[in-house]
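Please read these numbers as outputs of a predicted model, since none were measured by experiment. Keep in mind that the numbers below use all heavy atoms, side chains included, and drop hydrogens, waters and symmetry copies.
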Amino acid sequence: MKEAAAHPLPWGVAVESVDSADARALLREYYTEVADRYYALHENRRSTSEEIERGLAEYPPGYLAPPDGVLLVARRGDDVAGCVGVRLLDARTAELKQMFVRAARRGRGAAGALLVAAERVAAELGAERLRLDTRLDLVEALALYRQHGFSEIAPYHDDRYAEIFFEKPLSDPTGSDPTGSDPTG
């Protein structure tokens with residue numbers, strides 16, 4: 001048993017409906033965390049439940065649903081770690097959305113597994129590049145994206161919360177890493 005704990009199974013990542021109970025819980029946790037961090041930084045307070053509900057309602061139905069988008073969820077057995085959305089912006093460009101790993105699961109490879117799966121799905125959707133936006137206060141996200149080969153680009157939209165933009169070319173539709181490095185590392 002000690003060996004299994006020292007070398008846990010890898011995270012499984014699969015497409016999941018945004019309407020599933022796990023997906024809804026993850027997306028609520030994601031939105032609550034980014035909203036709380038924003039309000040703590042700019043207004044020295046936490047978000048209210050009304051603000052969370054309004055924010056969640058801004059995502060249109062089908063936002064991360066086939067044929068132009070998906071939500072991926074990382075699990076290890078019944079342990080749900082996090083999620084990431086991928087959606088097509090145009091025929092050659094996909095966008096990463098709602099990248100989130102629960103705080104208690106961070107540092108265990110789930111974010112890397114989600115990113116690798118998101119790149120694979122984006123390529124399968126026909127994208128040649130994957131873009132994303134984030135905020136400068138989300139320092140863990142900035143480090144993760146840079147570590148996984150995303151480069152800073154000029155803004156591609158004007159959302160007031162987006163402060164920095166990244167892009168990564170998707171040259172290998174199989175999603176394999178040509179460097180041979182461990183993507184969960």
Side-chain angles (χ1 to χ4, degrees), residues 8-37 47 49 52-91 93-135 138 140-141 144-145 147-150 159 161-162 166 168 170 172-177 182-185:
L9 295 173
W11 293 103
V13 179
V15 173
E16 184 147 345
S17 168
V18 294
D19 295 324
S20 77
D22 286 338
R24 284 193 316 268
L26 286 165
L27 291 169
R28 177 175 295 285
E29 288 175 51
Y30 159 82
Y31 197 84
T32 300
E33 181 173 329
V34 296
D36 280 351
R37 289 173 74 162
S47 58
S49 59
I52 298 302
E53 292 306 318
R54 276 196 312 269
L56 289 169
E58 290 178 11
Y59 297 110
Y63 174 67
L64 294 175
D68 295 328
V70 298
L71 181 73
L72 300 168
V73 173
R75 285 187 171 79
R76 187 180 287 144
D78 291 335
D79 185 10
V80 179
C83 64
V84 65
V86 177
R87 68 181 186 136
L88 286 176
L89 294 176
D90 60 46
T93 310
E95 184 177 40
L96 197 72
K97 300 301 292 182
Q98 282 80 28
M99 175 73 183
F100 175 72
V101 174
R102 289 177 162 151
R105 306 300 180 271
R106 293 178 187 160
R108 298 179 186 179
L114 283 164
L115 274 179
V116 168
E119 290 173 23
R120 185 174 299 120
V121 166
E124 289 170 358
L125 289 171
E128 297 172 8
R129 63 184 156 258
L130 185 58
R131 289 184 172 171
L132 65 95
D133 67 74
T134 191
R135 297 192 328 239
L138 301 174
E140 306 90 340
L144 177 73
Y145 299 137
Q147 176 187 7
H148 283 265
F150 285 83
D159 183 298
Y161 297 110
F166 289 94
K168 181 176 182 178
L170 300 174
D172 183 1
T174 66
S176 65
D177 180 2
D182 177 7
T184 63

Please report the shortest heavy-atom distance between V84 and A118, naming the atom on each side.
CG1-CB, 4.0 Å
Mind listing the side-chain donor-acceptor pairs of residues 54-62 below 3.5 Å, one per line with the distance, residues two or more places apart or on another chain?
from: Y59; atom 1: OH; to: Q98; atom 2: NE2; distance (Å): 3.0

Kindly indicate, with the supporting measurements, whether the criterion side chain to side chain contact (heavy atoms under 4.5 Å, CB included) is fulfilled by D133 and K97.
CA-CA 8 Å; D133 67 74; K97 300 301 292 182; 3.8 Å; yes
Provide the closest heavy-atom pair for A23 versus S17 in the form atom of the first, atom of the second, distance.
CB-O, 3.2 Å
Taking atom CG of L71 and atom CG of L26, what is their separation to the nearest 0.5 Å?
7.5 Å
I'd like to check D22 versus E16 (side-chain heavy atoms, cut-off strictly below 4.5 Å). Are they in contact?
yes
Side chain to side chain donor-acceptor pair (under 3.5 Å) against E29, all qualifying residues, sequence neighbours excluded:
R102
Say whether, by atom type as modelled, one donor and one acceptor occur between the side chain of K168 and the main chain of H148 under 3.5 angstrom.
yes
Under the salt bridge (charged side-chain N to carboxylate O under 4.0 Å, His left out) rule, collect the residues that match up with R24, sequence neighbours excluded.
none
R28/E53 salt bridge by N-O under 4.0 Å criterion:
yes
Set out, in order, the CA-CA distance, both residues' side-chain angles and the distance that settles side chain to side chain contact (heavy atoms under 4.5 Å, CB included) for M99 and L144, then state yes or no.
CA-CA 11 Å; M99 175 73 183; L144 177 73; 3.8 Å; yes
Counting C-beta onward and ignoring hydrogens, is there a side-chain heavy-atom pair between L170 and E119 closer than 4.5 Å?
yes
Ignoring hydrogens, what is the shortest heavy-atom contact between A81 and W11? Give both atom names and the distance.
CB-CZ3, 3.4 Å
Do the side chains of V18 and Y63 get nearer than 4.5 Å, heavy atoms only?
no
State, to 0.1 Å, how close L130 and A122 come at their nearest heavy-atom pair, and which atoms those are.
CD1-CB, 4.1 Å
Of the options V86, V70, V73, which is the one that meets V15 in a side chain to side chain contact (heavy atoms under 4.5 Å, CB included)?
V70
For the atom pair CZ (R37) and OG (S47), what is the distance rounded to the nearest 0.5 Å?
12.5 Å
Residues two or more places apart in sequence or in another chain: which of them pass salt bridge (charged side-chain N to carboxylate O under 4.0 Å, His left out) with R105?
D79
Quick one: sort the Y145 and F166 rings into parallel, tilted or perpendicular, breaks at 30° and 60°.
tilted
What closest approach, in Å, do L72 and L114 show between heavy atoms, and which atom pair accounts for it?
O-CD2, 3.9 Å
Could you grab the distance from atom CZ of F150 to atom OG1 of T134, nearest 0.5 Å is fine?
11.5 Å
Taking side chain to side chain donor-acceptor pair (under 3.5 Å) as the test, write out the residues that go with D90, two or more places apart.
T93
Applying side chain to side chain contact (heavy atoms under 4.5 Å, CB included) to V34 and L138, what does each step give before you reach the verdict?
CA-CA 8 Å; V34 296; L138 301 174; 4.2 Å; yes
If you round to the nearest 0.5 Å, how far is CZ of R120 from CG of L115?
12.0 Å
Short N-O contact, R87 and E95, less than 4.0 angstrom:
yes
For D159, check side chain to side chain contact (heavy atoms under 4.5 Å, CB included) against everything at least two apart and list the hits.
H157, Y161, A162
Using salt bridge (Lys or Arg N to Asp or Glu O under 4.0 Å), reason through E33 and R135 one step at a time and then give a plain yes or no.
CA-CA 13 Å; E33 181 173 329; R135 297 192 328 239; over 6 Å; no
